[in-house]
Amino acid sequence: MSPEQRLHQLGWALPIMQPANGTYMHYRIEGSVLYLAGHGPRIDEKAYLTGRIECDEDIERGYAGARLTGLNILATAKEALGELSRIDAVIRVFGMVNASAEFTRHFNVIDGCSDLFVEVLGNKGRHVRTAVGMSSLPHGMSVEIEVFFKIRPA
């Protein structure tokens with residue numbers, strides 16, 4: 001089953017890729033690696049899921065934001081590659097959480113993206129990861145995630 005079929009089976013659709021918000025590219029391919037810029041829980045061209053994750057009661061909201069970010073990441077990967085089956089492995093995930101100084105469960109928030117990758121890509125979705133807290137993120141986003149994929153040639 002292709003990753004696109006798996007997404008459909010799980011009841012998810014890839015969002016429409018939106019234009020970049022600055023002087024950068026959403027992705028770059030160098031050899032067998034697809035590098036993705038930081039993505040957030042983008043709802044449409046101008047709106048994101050926003051807000052600070054301050055306590056354990058906010059984890060579910062942060063997890064949902066990380067899952068939406070993962071869907072945006074997969075939409076960009078599909079744009080770059082034509083089909084998600086070209087992904088051989090998720091190499092690295094760097095997750096940033098807009099968090100209070102007291103919040104320490106960043107890893108539970110970024111699991112929203114990590115779990116999505118494993119659900120859609122199977123073992124190819126397993127990866128190394130960093131999850132950290134930040135005092136703020138662009139647009140007030142709740143999370144921002146950067147990903148590197150190992151890819152097959154077209």
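In this chain, numbering begins with 1 at the start of the sequence shown.
Leu137 and Val93 are not part of a single hydrophobic cluster, where members link through side-chain heavy atoms under 4.5 Å apart. Hydrophobic clustering keeps Val118 apart from Phe94 (ILVMFWY residues linked when any side-chain heavy atoms are closer than 4.5 Å, directly or through intermediates). Hydrophobic clustering of Ile, Leu, Val, Met, Phe, Trp and Tyr side chains at less than 4.5 Å, counting indirect connections, unites Val97 with Ile59. In this structure, Phe148 is not a member of the same hydrophobic cluster as Ile73, with clusters built from ILVMFWY side-chain heavy atoms closer than 4.5 Å. Taken together through direct or relayed side-chain contacts under 4.5 Å among Ile, Leu, Val, Met, Phe, Trp and Tyr, Ile110 and Leu68 form parts of separate hydrophobic clusters.
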When you look at Glu83 and Ser2, which way does the side-chain contact (heavy atoms from CB on, under 4.5 Å) test go after all the steps? CA-CA 9 Å; Glu83 58 185 61; Ser2 75; over 6 Å; no
One pair to check against side chain to side chain donor-acceptor pair (under 3.5 Å): Arg129 and Ser114. What are the steps and the verdict? CA-CA 9 Å; Arg129 183 181 84 183; Ser114 295; 2.9 Å; yes
Under the criterion side-chain contact (heavy atoms from CB on, under 4.5 Å), I'd like the reasoning laid out for Ile29 against Leu81: C-alpha separation, chi angles, the key distance, then a yes or no. CA-CA 9 Å; Ile29 297 173; Leu81 303 172; 4.2 Å; yes
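Residues Ile145 and Gly95 share a closest heavy-atom pair of CG1-CA, 4.1 Å. Looking at every heavy atom in both residues, Lys124 comes nearest to Arg152 through NZ-NH1, 3.7 Å. Scanning all heavy atoms of the two residues, the minimum distance from Pro138 to Glu144 falls at CD-OE1, 3.6 Å. For the residue pair Asp115 and Arg67, the shortest heavy atom distance occurs at CB-NH2, 4.0 Å. Between Ile43 and Leu49, the shortest heavy-atom contact is CD1-CD2, 3.7 Å. Residues Ala77 and Ile87 come closest through the heavy atom pair CB-CD1, 4.3 Å.
No side-chain heavy atom of Val143 sits less than 4.5 Å from a side-chain heavy atom of Ile53. Looking at heavy atoms from C-beta onward, Leu74 lies in side-chain contact with Leu116 at the 4.5 angstrom threshold. Within the 4.5 Å cutoff, the side chain of Phe149 has no heavy atoms near those of the Leu84 side chain. Annotation: side chain of Phe103 is in contact with side chain of Val109 (closest heavy-atom distance under 4.5 Å). Proximity of Asp111 to Tyr63: side-chain heavy atoms (C-beta onward) are separated by under 4.5 Å at one or more points. You'll find the side chain of Pro15 reaches within 4.5 Å of the side chain of Leu71, heavy atoms only. For the pair Val147 and Thr76, the minimum side-chain heavy-atom distance is 4.5 Å or more. Side-chain atoms of Met141 and Asn98, non-hydrogen and from C-beta on, never get closer than 4.5 Å to each other.
With sequence neighbours left out, the side chain to side chain donor-acceptor pair (under 3.5 Å) criterion links Glu57 to no other residue. Contacts of Glu102 classified as side chain to side chain contact (heavy atoms under 4.5 Å, CB included), with partners at least two apart in sequence or in another chain: Ser100.
Between the NE2 atom of His26 and the CG atom of Leu36 there is a distance of 9.5 Å, given to the nearest 0.5 Å. Distance OG/Ser142 to CE/Met96: 12.0 Å, rounded to 0.5 Å. Note that CG of Leu14 and NE2 of His8 are 12.5 Å apart. Values are rounded to the nearest 0.5 Å. Atom CZ of residue Arg52 and atom CZ of residue Arg61 lie 10.5 Å apart, to the nearest 0.5 angstrom. Arg6 CZ to Trp12 CH2: the interatomic distance, rounded to the nearest 0.5 Å, is 8.0 Å.
In the displayed structure, Glu60 atom CD is contacted under 6.0 Å by at most 12 heavy atoms of other residues, nucleotides or ligands. For CD1 of Ile16, the number of neighbouring non-hydrogen atoms (other residues, nucleotides, ligands) closer than 6.0 Å is 12 at most.
Using a 4.0 Å cut-off between charged nitrogen and carboxylate oxygen, Asp58 and Arg105 do not count as a salt-bridge pair.
Aromatic ring orientation, His127 versus Phe117: perpendicular (interplanar angle above 60°, classes split at 30° and 60°).
At least one donor-acceptor pair under 3.5 Å links the side chain of Asn72 to the backbone N or O of Arg42.
Inspection of the Asn21 and Tyr48 side chains reveals an N or O donor paired with an N or O acceptor under 3.5 Å.
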